[in-house]
Amino acid sequence: MLVFKFGGASVKDAEGLVNLANVVKKFEGNQLLIVVSAMGKTTNALEKLVKAYVNQEEEMHSIFEDIKQYHYQILTGLFEPGHSIFDEVANTFVEIDWIIEDEPQDEYDFIYDQVVSIGEMVSTRIVNAWLNQTGIKSKWLDVRGYIHTDNTYREGIVQWQKTKTSISLEIPGLLEKSIVVTQGFLGGTSENFTTTLGREGSDYTAAIFAACLGAESVTTWKDVPGILNADPKFFEDTVKFDELSYTEAIEMTYYGASVIHPKTIKPLQNANIPLLVKPFADPMASGTIIKEIAENQYIKPVIILKQNQVLISVSAKDYSFISENHLSEIFGLFAKYQLKVNMMQTSALSFSVCFDYFDERFKKLLIGLEPKFKVKYNSALQLITLRHYKTEAVNELTKGKLVLLEQVSRNTVQLVVK
């Protein structure tokens, strides 16, 4: 039994869906569960829609119309007019109409999950219809009835025992009859509300299904030849890893490598299921395999770049030393507002921490710190992480930049730069 995950880039247009079906046909005879992300940059567009809706901006309706037209354009490139998929997609988008016709009342993160999740609901409807049209028997599945989470919106915490029971009870029987197509990134609460598992969470979805079903492997189909030492959007002359150990992959995702969701590796490692990262444009290419024991070769350092970072320095208003009690209170606020620490450093009188910038969460953090602490911060920063580095690489990456914070360990150096 195999689990495939197709990301947004692989289903961004009609040509991508044709290619997806061709890839799937190469694995006929295997039981196959397919996890699909939202199409192209739909998640970004839906995030923009959420922000416009919450702020009640006039462009809200035009943003939504652009999203719908993008999907209808893909539909017209694949299906004849009158095909039932047109109504299925329209009926799915109606869920957003119901939300935005009223003024916002709920918390931002709750609204985010109910709106942004529609991207995956629509994309999987289209993929499922296309597979069936090409002669590949396929069944659409609503993942929210199988991956159960708590009520932590935008970072749903999976309830593993309940999830495993739901998946193992019904999915094997479905796989005996046809391919199963379902949504990445999403989960459901006991109150039947939608949660999301964190940005790029479709990889994690695939790993959850694989672990619960005892899959032979998970393959994520990407727009890159495999896992590279750096993001080719920002760095030239990147090199591909043929294989990586679970341990190295965990380290890379921990520091922010975006090619795999950070939570993906653990369930696969626990079940000893290999993860293959392969190019959807060349399905027979070797890609990268992540497994328990691998020959990690580092011709070049691993470079991980995180944009849109904020660095804050916190000190007590009474000029006391930064103690364990202070740190406990500060970390409590980070946990409360779902802010993940990317790098931190403590001195006698201050605590400095770098993290991803989210406007609403950051404002709440500042309000929470204000009664007891003085706060200084810099925003619009970059966090550069190098693993298996050489000094020359560090010097090259920091040339012409102001280094605000630096940490060096045996295998890793991290730099917050402006």
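What's counted below: heavy atoms across the whole structure, side chains too, no hydrogens, waters or symmetry copies. On a predicted model such as this, the values are computed, not experimentally measured, just so you know.
- Geometric assessment of R154 against the ring of Y112 yields a positive cation-pi assignment under the 6.0 Å and 45° thresholds.
- For K68 and F64, the positive end sits near the middle of the six-membered ring, less than 6.0 Å away and at most 45° from its axis.
- Put simply, the side chain of H326 gets close to the backbone of S323: a donor and an acceptor are under 3.5 Å apart.
- Within a 6.0 Å sphere centred on NZ of K376, other residues, nucleotides and ligands contribute 12 heavy atoms or fewer.
- A salt bridge links D203 and K222; the closest N-O separation between the charged side-chain nitrogens and carboxylate oxygens is under 4.0 Å.
- Defined by atom type and a distance below 3.5 Å, a donor-acceptor pair is missing between the side-chain atoms of Y255 and Q414.
- Counting heavy atoms of neighbouring residues, nucleotides and ligands inside a 6.0 Å radius, atom CZ of F27 exceeds 12 of them.
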- Y153 and Y108: CA distance, side-chain angles, deciding distance, ring-ring contact (aromatic ring centres under 6.0 Å, His included) verdict: CA-CA 9 Å; Y153 296 102; Y108 187 95; over 10 Å; no
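- Of the possible donor and acceptor atoms, one in the side chain of Y70 sits under 3.5 Å from a partner among the backbone N and O of K12.
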- Item | Pair N308-D356, side-chain contact (heavy atoms from CB on, under 4.5 Å): steps then yes or no | CA-CA 6 Å; N308 199 26; D356 297 343; over 6 Å; no
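- Inspection of the Y357 and D359 side chains reveals an N or O donor paired with an N or O acceptor under 3.5 Å.
- Environment of CD in E80: sparse, with no more than 12 heavy atoms of neighbouring residues, nucleotides or ligands closer than 6.0 Å.
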- Query: Would M284 and K26 count as a side-chain contact (heavy atoms from CB on, under 4.5 Å) if you check the C-alpha gap in whole Å, the side-chain angles of each, and the deciding distance to 0.1 Å?
  - Reply: CA-CA 9 Å; M284 293 298 104; K26 294 181 186 298; 3.7 Å; yes
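- In this structure the side chain of D142 reaches within 4.5 angstrom of the side chain of Q183, judged on heavy atoms.
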- Item | I250 vs K266, side-chain contact (heavy atoms from CB on, under 4.5 Å): CA-CA, chis, key distance, verdict | CA-CA 8 Å; I250 288 170; K266 185 176 183 295; 5.6 Å; no
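- No side-chain heavy atom of Q309 sits less than 4.5 Å from a side-chain heavy atom of Q382.
- Classified by interplanar angle (parallel below 30°, tilted 30° to 60°, perpendicular above 60°), the ring pair Y298/H388 is parallel.
- In this structure, the ring of F6 has its center no less than 6.0 angstrom from the ring center of F280.
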- Message: Using side-chain contact (heavy atoms from CB on, under 4.5 Å), reason through F358 and Y337 one step at a time and then give a plain yes or no.
- Response: CA-CA 10 Å; F358 293 98; Y337 300 122; over 6 Å; no
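- For the pair I208 and W160, the minimum side-chain heavy-atom distance is below 4.5 Å.
- Separation of the Y204 and F185 ring centroids does not fall under the 6.0 Å cut-off.
- Note: F93 and H71 have perpendicular aromatic rings, judged against thresholds of 30 and 60 degrees for the angle between ring planes.
- In summary, E248 and R387 engage in a salt bridge, as defined by a charged side-chain N under 4.0 Å from a carboxylate O.
- Annotation for L402: atom CG counts as buried by contact number, over 12 foreign heavy atoms lying within 6.0 Å.
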- Task: With ring-ring contact (aromatic ring centres under 6.0 Å, His included) as the test, would you mind laying out the steps for F351 and F331 before giving the verdict?
- Result: CA-CA 11 Å; F351 174 65; F331 278 119; 5.7 Å; yes
- Take F355 and F334 through the test ring-ring contact (aromatic ring centres under 6.0 Å, His included) and record every step on the way to the result. CA-CA 10 Å; F355 53 94; F334 270 79; 5.1 Å; yes
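- Judged purely by atom type and a 3.5 angstrom limit, S347 uses its side chain to pair as donor or acceptor with the backbone of S350.
- Other residues, nucleotides and ligands place no more than 12 heavy atoms under 6.0 Å from the CD atom of Q297.
- Considering every non-hydrogen atom in both L46 and G119, the closest pair reads CD1-N, 3.5 Å.
- Side chains of F209 and I147 form a contact here, defined as non-hydrogen atoms less than 4.5 Å apart.
- Closest approach of L404 to K418, counting heavy atoms only: CD1-CB, 4.4 Å.
- No more than 12 heavy atoms of other residues, nucleotides or ligands sit less than 6.0 Å from atom NZ of K164.
- A salt bridge links E47 to R199: one of the charged nitrogens lies within less than 4.0 Å of a carboxylate oxygen.
- Side-chain atoms of S352 and S313 include a donor-acceptor pair closer than 3.5 Å.
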